[in-house]
Undergrad: 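Quick one: the structure is below, questions incoming.
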Amino acid sequence: MDCTVHVLDYGAGNVRSLKNALHEIGYKTIDVESVQDINNAQVLLFPGVGSFQQAMAFLNAKKYVEALKAYILANKRFLGICLGMQTLFEGSEECPGVPGLGVIKGLVTKFPTDSMAVPHIGWNGVNAYKPSPLFSKLDNDTNVYFVHSFRATRTSANEEWVLTTTNYGDVEFISSVQKGNVMATQFHPEKSGAVGLKMLKGFLEGDSIAAKSLPLRGFTQLPPPTTLCKRVIACLDVRSNDSGDLVVTKGDQYDVREPSEGGNVRNMGKPVELCTRYYNEGADEVTFLNITSFREQPLGDTPMLAVLEASSEKVFVPLTVGGGIRGYKDDHGHLWSALDVAARYFRAGADKVSIGSDAVDAAEAYYASGKKLDQSSSIEQISTVYGRQAVVISVDPRRVYVSSPEATKHRVVKLQHKLGPNGETHCWYQVMVKGGREGRDIDVVELVQACEALGAGEILLNCVDMDGQNAGYDLDLISLVKKSVTIPVVASSGAGAPSHFTDVFNTTNCDAALAAGIFHRKEVAVSDVKARLNADGISVRL
Ligand code: 1PR
């Protein structure tokens with residue numbers, strides 16, 4: 001088998017991860033740069049995240065549509081990923097009137113948001129309806145990584161294409177298609193850890209006839225529904241220490257300096273080493289937060305970019321990077337947009353970017369303008385091009401205790417779980433910026449609802465009070481925010497034991513839980529947390 005494959009990169013996805021995954025399993029990649037490349041390709045992969053409209057605009061501008069359709073209709077080996085699968089259909093509800101390739105009948109439609117968090121982000125299973133090379137190297141684990149807001153639905157007109165379906169809430173959708181040598185997946189094999197690498201290997205080497213198949217389901221049988229797993233995320237707060245090295249540090253209520261040792265920056269280890277360790281322990285995602293980027297110039301922050309590039313070569317689960325994702329002017333007076341900064345991090349291997357301080361500015365501007373959506377914010381600009389699933393908002397709230405709800409105009413919570421230090425029973429959550437150094441007159445619900453309206457896809461919900469305390473998550477805060485938005489919520493700050501993860505999932509129904517200190521200090525391994533969640537009956541990827 002020739003070890004070279006063509007990759008169609010339309011410039012809006014994290015193609016680097018797919019190339020790294022293909023290199024990991026021994027394949028070289030060539031970028032498609034012309035119609036001729038498509039005509040000559042023997043094996044072609046089309047990965048994509050972002051908007052259907054952007055992808056089709058690119059294919060039309062490059063005049064690739066006809067060549068791509070001819071390649072597929074000639075039954076040459078093809079693998080579409082995520083948007084690379086959706087564009088095979090006739091169109092998408094995301095952009096009515098924009099035709100897809102139309103190889104498969106049907107439209108791509110949005111998940112309903114009334115009963116579940118959208119985007120569908122995380123690890124879910126697949127129910128297989130026929131043999132496929134994709135399965136030829138698999139064992140029995142079929143949890144794969146999804147991150148999408150739109151889905152294709154099985155109908156009698158496209159049933160011959162359906163390879164697998166997956167369930168999300170009460171919706172069953174097509175999670176992969178296959179006809180002869182043409183395959184496509186809604187999920188991301190390049191971000192699905194060892195299972196995904198085996199699927200890619202199967203696609204490249206498996207024989208569709210002799211392919212080992214997963215337990216087959218007939219369309220008549222009602223297969224057990226698959227379930228979306230709760231995610232366990234490892235977080236690496238990184239910053240340069242006083243000798244200029246980029247280290248993983250950890251705050252204690254956001255103070256990263258050791259109280260002793262002359263106040264040195266707490267050094268928990270090397271970013272790439274810790275990231276790889278957590279991936280091997282079973283982390284479902286890894287998040288890097290560059291916590292001093294508000295002082296420096298993000299694009300000049302080459303150590304952070306180098307960390308991402310090195311990590312994405314060995315870690316095949318989603319990587320999020322935050323810190324400094326905003327527009328800025330560099331020393332030469334050149335204005336860089338937030339989209340420029342995000343694009344550089346995506347190209348370095350990030351799957352999602354996390355916006356902190358700039359999201360607060362955007363929310364304040366949103367309310368000041370009477371809730372106008374004018375594409376002026378970093379959130380709108382990045383989600384328009386890369387899709388909302390690529391935009392995380394990192395929120396740094398702190399508790400402001402009040403004597404009664406009437407004492408403030410902000411949304412007050414009657415504390416059910418952790419009272420104040422003097423027994424206070426009510427507080428509101430003030431949003432902080434600049435690493436918890438500056439408080440703004442906006443509360444956490446106002447912030448997250450503005451960010452959802454502006455196009456954010458997920459909330460990373462920290463808490464200054466609980467950060468680094470090992471006393472458990474702020475369950476009141478997380479419940480409040482989970483009830484305030486329809487996008488997924490990641491609980492953060494305070495984890496001190498595996499039981500805290502069970503508590504936060506069972507009490508708040510959040511979608512993921514993140515921790516830092518207990519993993520860095522090796523008090524608990526990621527695998528210990530997942531074993532406890534599994535024992536407590538919570539669906540996790542083991
Ligand atoms: O404002 O867009 O440049 O982003 C700055 C980013 O850096 C934000 O995501 C902000 O939350 C983060 N950040 C800034 N300063 C600090 C600090 O600690 N001094 N980290 C900081 C905030 C929250 C998590 C932490 C969890 C879990 N820390 O990153 O890892 O609380 O910790 P635990 O499990 O040990 O309790 P911008």
Side-chain angles (χ1 to χ4, degrees), residues 232-240 247-257 265-266 268 271 274 278 283 285-299 301 304 320-328 338 341-342 345 352-363 377-379 382 391-398 431-438 440 444 447 451 456 458-474 477-478 490-498 500-501 504 512-524 526 529:
V232 174
I233 300 173
C235 185
L236 291 78
D237 290 1
V238 295
R239 62 159 287 166
S240 43
V247 296
V248 176
T249 186
K250 187 59 216 64
D252 175 347
Q253 295 185 332
Y254 287 44
D255 177 357
V256 298
R257 290 191 175 273
V265 171
R266 207 170 275 124
M268 311 300 282
L274 284 182
Y278 298 140
E285 296 186 25
V286 179
T287 295
F288 291 101
L289 295 180
N290 184 349
I291 66 172
T292 50
S293 53
F294 62 86
R295 297 195 197 112
E296 279 125 40
Q297 303 190 9
L299 288 184
D301 210 340
M304 188 68 236
T320 299
V321 67
I325 306 296
R326 70 182 186 293
Y328 76 101
V341 177
Y345 280 105
K352 302 189 254 186
V353 291
S354 159
I355 305 173
S357 307
D358 201 53
V360 179
D361 294 343
S377 71
S378 53
I379 301 171
I382 300 168
V391 182
V392 179
I393 305 299
S394 175
V395 183
D396 296 330
R398 72 170 181 156
V431 171
M432 309 298 284
V433 294
K434 295 197 173 77
R437 290 170 178 79
E438 181 188 317
R440 292 286 180 84
V444 71
L447 174 67
C451 292
E458 192 166 54
I459 300 293
L460 167 53
L461 185 55
N462 305 303
C463 176
V464 178
D465 306 70
M466 308 303 172
D467 175 55
Q469 303 309 295
N470 283 28
Y473 294 95
D474 187 332
L477 165 66
I478 300 157
V490 178
S492 168
S493 300
H500 292 154
F501 290 80
V504 76
L514 172 150
I518 55 169
F519 297 144
H520 302 337
R521 294 186 299 269
K522 296 189 176 178
E523 292 160 1
V524 173
V526 174
V529 170

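Quick note: residue numbers are just sequence positions, from 1. Both counts, for ligands and for their atoms, begin at 1 and track the order of listing.
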Undergrad: Is ligand 1 under 4.0 Å from a heavy atom in the side chain of Q469, in the backbone, in both, or in neither?
TA: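 It is neither; nothing of Q469 touches ligand 1.
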
Undergrad: Do any N/O atoms on G494 end up under 3.5 angstrom from N/O atoms on ligand 1?
TA: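 N/O-N/O distance under 3.5 Å: yes.
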
Undergrad: Would you say the side chain of L514 lies within less than 4.5 Å of the side chain of E285, judging by non-hydrogen atoms?
TA: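 SC-SC contact between E285 and L514 ruled out.
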
Undergrad: Is any side-chain N of the basic residue among D396 and R437 closer than 4.0 Å to the acidic one's carboxylate O?
TA: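 Not counted as a salt bridge, because no side-chain N and carboxylate O are separated by less than 4.0 Å.
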
Undergrad: Which ligand 1 atoms does S492 reach within 4.0 Å, using its non-hydrogen atoms?
TA: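 In order of numbering, the contacting atoms are 26 (C), 27 (C), 31 (O).
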
Undergrad: Any heavy atom of G324 sitting closer than 4.0 Å to ligand 1?
TA: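 Distance cut 4.0 Å: G324 passes for ligand 1.
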
Undergrad: Distance from E458 atom CD to I393 atom CD1, nearest 0.5 Å?
TA: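 Going from CD on E458 over to CD1 on I393, the span is 10.5 Å.
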
Undergrad: State, with a plain yes or no, whether a side-chain heavy atom of V529 is found less than 4.5 Å away from one of F519.
TA: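 Yes, their side chains come closer than 4.5 Å.
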
Undergrad: I need the contact type for S493 against ligand 1. Using non-hydrogen atoms and a strict under-4.0 Å cut-off, is it side chain, backbone, both or neither?
TA: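 Both parts.
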
Undergrad: Are the side chains of D358 and D361 in touch, meaning some heavy atoms are under 4.5 Å apart?
TA: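 Yes; the side chains approach each other to less than 4.5 Å.
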
Undergrad: What is the distance from atom CG of L236 to atom NE2 of H520, rounded to the nearest 0.5 Å?
TA: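 It comes to 5.0 Å.
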
Undergrad: I want to check something: taking the side chain as every heavy atom from C-beta on, are F501 and V524 in contact at a cut-off of under 4.5 Å?
TA: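 Counting from C-beta outward, F501 and V524 never come under 4.5 Å.
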
Undergrad: Based purely on interatomic distance, does I518 place a nitrogen or oxygen under 3.5 Å from a nitrogen or oxygen of ligand 1?
TA: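 Not met; the criterion fails.
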
Undergrad: Taking C-beta and beyond as the side chain, do D474 and D465 meet within less than 4.5 Å on heavy atoms?
TA: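 The answer is no; the side chains never approach within 4.5 Å.
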
Undergrad: Could you say whether the N/O atoms of D255 and ligand 1 ever approach to under 3.5 Å?
TA: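 Not met; the criterion fails.
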
Undergrad: Would you mind running through ligand 1 and noting each atom that sits below 4.0 Å from a heavy atom of G517?
TA: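 Near G517, meaning under 4.0 Å from one of its heavy atoms, ligand 1 has 33 (P), 34 (O), 35 (O).
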
Undergrad: For A515, take its heavy atoms, then give the atoms of ligand 1 lying under 4.0 Å from any of them.
TA: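 Listed by number with element: 34 (O).
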
Undergrad: Is there a side-chain contact between N290 and V321 in this structure, where contact means two heavy atoms from C-beta onward sitting under 4.5 Å apart?
TA: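 N290 vs V321: side chains apart.
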
Undergrad: Decide whether the shortest distance between a heavy atom of G468 and an atom of ligand 1 is less than 4.0 Å.
TA: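 Per 4.0 Å heavy-atom rule, G468 contacts ligand 1.
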
Undergrad: Only heavy atoms of L289, strictly under 4.0 Å: list the atoms of ligand 1 that pass.
TA: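 Every atom of ligand 1 under 4.0 Å from some heavy atom of L289: 9 (O), 29 (O).
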
Undergrad: Any idea which atoms of ligand 1 are less than 4.0 Å away from a heavy-atom of N462?
TA: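 Every atom of ligand 1 under 4.0 Å from some heavy atom of N462: 11 (O), 23 (C), 24 (C).
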
Undergrad: Compare V360, D237, I233 and give the one whose heavy atom is closest to atom 20 (N) of ligand 1.
TA: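 Selected option, by shortest heavy-atom distance: D237.
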
Undergrad: Can you find a pair of side-chain heavy atoms, one from L461 and one from P397, that are under 4.5 Å apart?
TA: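 Result yes, sub-4.5 Å side-chain heavy-atom pair found.
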
Undergrad: Check whether any N or O atom of M466, backbone or side chain, sits under 3.5 Å from an N or O atom of ligand 1, and answer yes or no.
TA: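 In fact, backbone or side chain, M466 has no N or O that close.
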
Undergrad: Contact between I325 and I382 at the side-chain level, heavy atoms closer than 4.5 Å - yes or no?
TA: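 Contact flag for I325/I382 side chains = yes.
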
Undergrad: Please work out, at 4.0 Å between heavy atoms, whether the side chain, the backbone, both, or neither of S394 comes within that distance of ligand 1.
TA: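 The side chain, only.
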
Undergrad: Which atoms of ligand 1 are found less than 4.0 Å from any heavy atom of S357?
TA: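 The list of qualifying atoms is 1 (O), 2 (O), 37 (P).
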
Undergrad: Are any of the N or O atoms of R326 closer than 3.5 Å to those of ligand 1?
TA: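 No, since none of the N or O atoms of R326 sits under 3.5 Å from an N or O of ligand 1.
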
Undergrad: Could you tell me which residues satisfy side-chain contact (heavy atoms from CB on, under 4.5 Å) with Q253, sequence neighbours excluded, listed by chain and number?
TA: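 Testing Q253 for side-chain contact (heavy atoms from CB on, under 4.5 Å), a comparison that skips the adjacent residues, returns Q469.
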
Undergrad: Heavy atoms only: which of A471, A516, A234, G356 lies closest to atom 2 (O) of ligand 1?
TA: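 Nearest option to atom 2 (O) of ligand 1, by heavy atoms: G356.
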
Undergrad: Under a heavy-atom criterion of less than 4.0 Å, does D396 contact ligand 1?
TA: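 Within the 4.0 Å threshold, so yes.
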
